[in-house]
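Each ligand, and each atom within it, is numbered from 1 in the order the structure gives.
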Amino acid sequence: MKLISVSKLRDYHWCPALAYLRHELGIFFPPTPQMTRGTNLHSFYGSIWDCAIALRNYEDAKLNLINLVDSYRGVDMSEQELLNVGRKRLDNIWSLFGNHIENGMKYESEVSLRSKELGLSGRVDFIYRTMDGTFVGEVKTGKPSEFDALQLNTYMAMHLDSNKGFIEYTESFVKQDFSEKMHSQVMEIKKNFEEMNNTKPVRTAKCDYCDYRKYCFKV
Ligand code: SF4
């Protein structure tokens with residue numbers, strides 16, 4: 001049975017026409033500078049977690065940020081900006097999980113998930129094992145979107161021993177419990193994706209900065 005990736009469902013939810021062009025016709029574009037910046041920041045945030053979990057001490061992790069910033073000089077941000085963002089991130093990590101980290105919290109990153117039962121595959125950013133059970137976590141460097149919560153919920157459904165999670169945005173962490181309602185919504189999106197329903201382009205504000213404009217509207 002062919003599994004559908006959660007990222008394809010994300011594309012479909014964002015715009016069915018885009019999912020059709022990308023996943024039925026196989027039209028892709030190279031990553032934009034903004035996407036590359038997001039990827040680098042994603043990696044920077046992962047390194048902050050690595051450091052927090054390895055050192056298990058807030059002050060040591062904060063001191064070590066200087067070394068981390070040094071190794072991310074290629075990211076399109078000044079040293080001071082990176083340091084500010086890193087400190088804020090570390091504070092968020094400690095306010096939510098400080099106690100768990102100091103008591104030996106474990107985690108895995110980039111975990112592949114597959115569920116034959118749901119017909120889905122995906123790769124979750126983090127699985128955290130704490131004294132309060134397992135959490136799934138996603139890191140998002142863009143603006144919060146409706147699908148972020150649906151995506152996290154889907155990873156919870158695919159990872160059988162977790163019904164708790166959170167999304168790390170740049171400014172704040174948003175906690176979330178598994179929701180059956182969201183799960184049904186994702187299954188509906190999957191059904192529509194499989195049938196490639198409603199893929200006729202519809203002009204919206206998103207089209208103004210979409211690479212696929214010329215395919216949809218010939219401009
Ligand atoms: S141009 Fe608009 S309709 Fe076409 S793929 Fe992009 S967002 Fe969708």
Side-chain angles (χ1 to χ4, degrees), residues 1-46 74-77 85 110 112-115 118-126 136-158 165-174 176 179-219:
M1 177 194 187
K2 194 161 178 275
L3 303 180
I4 295 174
S5 75
V6 177
S7 58
K8 286 184 181 174
L9 297 190
R10 186 178 185 108
D11 285 345
Y12 185 84
H13 187 66
W14 174 255
C15 172
L18 179 144
Y20 174 75
L21 291 163
R22 192 175 273 174
H23 303 296
E24 287 289 299
L25 302 188
I27 301 167
F28 286 90
F29 293 96
T32 61
Q34 196 186 10
M35 286 158 79
T36 306
R37 181 177 180 273
T39 305
N40 288 333
L41 268 180
H42 207 282
S43 162
F44 177 58
Y45 294 154
V75 178
D76 179 24
M77 286 170 89
V85 166
E110 302 288 334
S112 291
L113 300 175
R114 294 168 66 81
S115 167
L118 301 177
L120 291 171
S121 66
R123 195 166 55 176
V124 64
D125 289 335
F126 294 106
V136 295
E138 276 285 287
V139 176
K140 299 293 178 196
T141 53
K143 290 186 186 152
S145 96
E146 187 202 343
F147 199 82
D148 295 344
L150 295 176
Q151 183 176 14
L152 186 72
N153 204 68
T154 305
Y155 290 146
M156 288 184 220
M158 294 163 77
F166 63 98
I167 304 171
E168 295 184 32
Y169 290 109
T170 301
E171 291 298 324
S172 58
F173 288 10
V174 179
Q176 187 179 316
S179 148
E180 280 296 346
K181 192 172 163 205
M182 280 194 209
H183 184 57
S184 307
Q185 215 180 323
V186 172
M187 289 298 105
E188 189 62 30
I189 295 169
K190 176 173 175 271
K191 184 167 162 277
N192 284 324
F193 176 86
E194 284 167 325
E195 292 166 7
M196 277 288 154
N197 282 331
N198 307 317
T199 57
K200 195 164 179 292
V202 176
R203 193 181 274 282
T204 64
K206 297 172 192 170
C207 305
D208 294 344
Y209 51 92
C210 177
D211 285 336
Y212 292 90
R213 258 186 341 261
K214 68 175 183 217
Y215 292 94
C216 293
F217 307 111
K218 305 203 181 334
V219 287

List the residues meeting side-chain contact (heavy atoms from CB on, under 4.5 Å) with M35, not counting sequence neighbours, and say none if there are none.
P31, T32

Straight-line distance of T199 OG1 to Y12 OH, nearest 0.5 Å:
7.0 Å

Could you tell me whether T204 approaches ligand 1 through its side chain, its backbone, both or neither, with non-hydrogen atoms closer than 4.0 Å?
neither

With rounding to the nearest 0.5 angstrom, report the OG to CD distance, S145 to Q151.
8.0 Å

Rounding to 0.5 Å, atoms OH (Y20) and NE2 (H23) come to a distance of 13.5 Å

R10 and D148 ion-paired at < 4.0 Å:
yes

F173 and F166 aromatic ring geometry - parallel, tilted or perpendicular at 30°/60° bounds:
parallel

So the atoms of ligand 1 within less than 4.0 Å of a heavy atom of V202 turn out to be 3 (S)

Are there more than 12 heavy atoms of other residues, nucleotides or ligands under 6.0 Å from atom CD of Q34?
no

Cut-off under 2.8 Å, centre atom 6 (Fe) of ligand 1, protein N/O/S atoms:
C210 SG

